[in-house]
Amino acid sequence: MPRPAAQQKKPSWTMDKAYEPRGMEGRWYETWERHGWFAPADQGEPYCILLPPPNVTGTLHMGHAFQQTLMDALTRYHRMHGRRVLWQGGTDHAGIATQKIVENQLAAAGKTRHDLGREAFVAKVWEWKEESGSTITRQMRRLGASVDWTRERFTMDPGLSAAVRRVFVQWYRDGLLYRGKRLVHWDPVLQTAVSDLEVNNEEKDGSLWLIRYPAAAGGKDLTVATTRPETMLGDVAVAVHPEDERYKDMIGKQLRLPLTDRLIPVIADEYVDKEFGTGCVKITPAHDFNDQKLGQRHGLPVIGIFTLDAKVNENAPVQYRGLDRFAARKKIVADLEAAGLLVETKKHKLMVPISQRSDAVIEPMLTDQWFLDLTRDTQPDGRPGGKRAITEPALAAVRGGAVKFTPENWSTTYVQWLENIQDWCVSRQLWWGHQIPAWFDEAGNIFVGEDEADALKHSTIKPVGKLRQDEDVLDTWFSSALWPFSTLGWPGDTPERAKEWERFNAFLPSSVLITGFDIIFFWVARMVMATQYFTGRVPFHEVYINAIVRDAEGQKMSKSKGNTIDPLDLIDGIGLEALVQKSTAALLIPQVREKVEKRVRKDYPQGIPAVGADALRFTFAALATYSRTINFDLKRCEGYKNFCNKLWNASRYVLMNTEGQDNGLSGELEFSLADRWIQSRLSQTLGIVEKEFASYRFDLAAQALYEFTWNEFCDWYLELSKPALQGEGVSAARQRGTRRTLVTVLEALLRALHPITPFITEEIWQKVGPLAGKSGASVMIQPYPRPSDFKRDETAEQELRWIQEFILGLRRIRAEMDIAPGKLIPVLLQDASKSDRERAERYQPLLTFIARLENIGLLTGEAPPSATALLGEMKILVPMAGLIDMGAERARLAKEIARVEGEIGKCQTKLGKPDFVDNAPPAVVEKERQRLKEFETAVQGLKEQLKRLASL
RNA sequence: GGGUGUUUAGCUCAGCUGGUAGAGCACCGCCCUUACAAGGCGGGGGUCGUGGGUUCGAGCCCCUCAGCACCCACCA
């Protein structure tokens, strides 16, 4: 068959034969960024997403990549819908993490931060930040994240720091920030307080020691049970339950505290559980949260026995001083035993508080700290608005639906935490961070203000001597809590910043926050609290809680397990040796190294193939169900790379057939059935995508696009277009119609896929867009396709279903009868209805081409021995004449009959129940009857065929 | 102790208001057919964790139990 001239010549289309992501991705990203297309448009309804600012110390991990893929998909999707989109990016100064990195560098040189002094040390951290702080933002670019980098912020920027000071001062002046000597979670290694959220409780095997405390004067000795014998040096009482008959007579009497010369009272408190241990509890208010409360109730003294690095201090007998708390424990237990006071040592499982940052065991420690009041019902001076002024609005926002969680049940987690919240310890004994805007005079008076002058101005008292600024800095999350408004220029409602203020009004509240459940308390709740307090607005309308990324087996990814994957290694690929090297480089313990190496070699015998950013992104989208974990499987990722390749090759086909041709941009157009069908299917698909994007079901949106692309566009439409373009006797108008459909459907599909797979769609769109009559520099600034852009056509869908069944029936015969794919076969139609005959006539060229038929005939008279396919009541016969194996066909028919009879049985049972017929909606009953009828017709036809074959 | 999620094919998961159990991967055949072997065509495979209830009808709604996972709190 002669090809059109344009195809015979060297084709002008220039796409490589196989999809190759390397190269195109960097090129396109650079182009997008250079053109400023990530910046919000000047008009349109605002849409804003806040990037959870990654730590400047960080590198991109799978969790980031997943989360950012979803954010970018939404950003691009809404940008293409003509909205004024801001994806606000930036990084977090990450107090402890960052300070530790620089301290470790110093340690390598044998120095500590104290050798440098505060100013020089902080300067050094800034230096490090300028050098290394952009690693993660570079990596985000590789992923395609369309963050507006021109407005990137850092939590220690001057503007954000000003916001931090303003907030601190305002809360202080509103009576919600206070300083006090309180028991806090103390990290003895980092030597700073941490908040309750930064403490993990881990179950450990420990002991329960029973220790006898002798009676001082009369009465009996009491035996206490403790998991921390060393704290006995700070004991101030022994508590028993007031109703405990065993000890009632001892209440109010004195005991001799072993190893010391102190006398302590026996007190009664209902806090004590009679059933646990011995029913006698030693009370150490300085080093236990419960004991502290109890001590306060009873007006007991507080005796701290540890230094800030958790060594025994001068309050203890001299022989224990200077011992580390664990060494002290050993010695004390030994000494008690020697004194005959250790009654028993039992094995005991207990929860040990561990610092998230250093893995050190937390020591409750009495220190001066700043707290944000989240619990008091009234302010100290009785001013109005003090009734949980910060937390109540945050609860109301979620309860009232102003802030909506997806999946919805996370709101329960949020609400329950806020209902039981404790005051937030916001001060940290670090150098890297926002230094607290408070000053002390030499008499210890506190002056709070945005600067020293402001602090003095607002104070009613005269400072004594020189002022000295509080050495401490604020918890990193303090500035993170302000992110929704500090990044938009707050505080700054001044004329010279009018433009910025306009943005503030446009983008606060932001549209949706995408984040992990692990920081609902750390960050989400605190943003709601702070933003409402200072702006009167919620920070965002919706919170989408994304899943945690696990490995293919559902295991948590961790470096020491060796099951982490670097998203960049997926994008670029990595060889086995390089991967082994990289996975083990940071591991210090030889056994762990060995284990990890083994695992890597087993999991990735070939290393990791390069799949490109688009395939990785598509994988994330496809995995993004409402489930709370997703298992990342490399296999799945490779599958989506194949999808990209499929799209690539389909595009090559389209270009091959349309480039340099008359694609019907003008002139007479006639759309074939297939043309109308694929447009209808696309319309339907776009409807699903729209719905699923709106509900954050990225998996379903991705699935709809995947299935349309592969199962409908490629598997059917492209095949159906072949006879239309290559077949003989097809009118020019009709060929134009098909070419027009090829380019318009593909062009729209590329736009539809762009938010998920930005690079490949851009690369192809550059070629396909113009053919579809689109001008514009990039697909990313084109309008997103709408369902109404393509016509739904129910008739075309029905017609095409008939064609598909016709072809599928014949394919099955071909496959099961083992007829070569190229072999032309004759077909006879039996019991064809009028509409069957008309369809067969109308689509004869199409069917002949696709199913490789010799001809289609209508059966007149007796049927020859044939293989049979059913299409409704019609039988499609392939006469056997040398082609068909009779035994195989009999077996095939028998199998099919058995299947249909099974269905008939089910239908009959159902319809045989009066309950069903009488109670089910008539439409359902009718549908069931219809099904039964169809099955009966089918089975009858099949049986006839079987009988005919049997008689031969 | 309080809370949440989860249990569907060999594996990983969909199944949205109850009405004929699906996908990808893996597996088994046939095929290098000029868009694509990173592919095409065909096929096998599930009593939906257990026990009950509601309903004409339950993978889906209610209750029981069990397994798995996570969060918060915590008795020294």
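The sequence lines fix the lettering, A, B, ..., with proteins before strands; numbering per chain opens at 1. Only a predicted model underlies this, so the values are computations on that prediction, with no experimental measurement involved.
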Does [X] place a side-chain N or O at less than 4.0 Å from the phosphate oxygens OP1/OP2 of [N]?
X        : N     : value
A:Arg636 : B:A14 : no
A:Arg628 : B:U6  : no
A:Arg811 : B:G42 : yes
A:Asn649 : B:G39 : no

Closest to the 5' end of RNA chain B, once A:Tyr653 and A:Asp715 are matched to their nearest nucleotides, is A:Tyr653

Counting only Watson-Crick or G-U wobble pairs whose two distances fall under 3.5 Å, which nucleotide matches [N]?
N     : value
B:A35 : none
B:G19 : B:C56
B:C41 : B:G29
B:A66 : B:U7
B:G1  : B:C72

Value in whole Å for how far the P atom of B:C70 lies from CG of A:Asn409 | 17 Å

Euclidean distance, atom CG of residue A:Asp699 to atom C1' of B:G15 [Å, nearest integer] | 11 Å

Aromatic contact, A:Tyr640 with A:Tyr706 (centres under 6.0 Å) = yes

Verify whether the ring centers belonging to A:Phe289 and A:His185 lie closer than 6.0 Å.
-> yes

Spell out yes or no: do the side chain of [X] and the base of [N] have one donor N/O and one acceptor N/O closer than 3.5 Å?
X        : N     : result
A:Glu719 : B:A35 : yes
A:Lys913 : B:C56 : no
A:Lys17  : B:C36 : no

Are a donor atom and an acceptor atom from the side chains of A:Gln416 and A:Thr413 found within less than 3.5 Å of each other?
-> no

Which value, in whole Å, describes the distance between the P atoms of nucleotides B:U34 and B:G40?
-> 14 Å

Less than 4.0 Å between a side-chain N and a carboxylate O, is that true for A:Glu928 and A:Arg931?
-> yes

Candidates B:A14, B:G19, B:A76 - which lies nearest the side chain of A:Val272 | B:A76

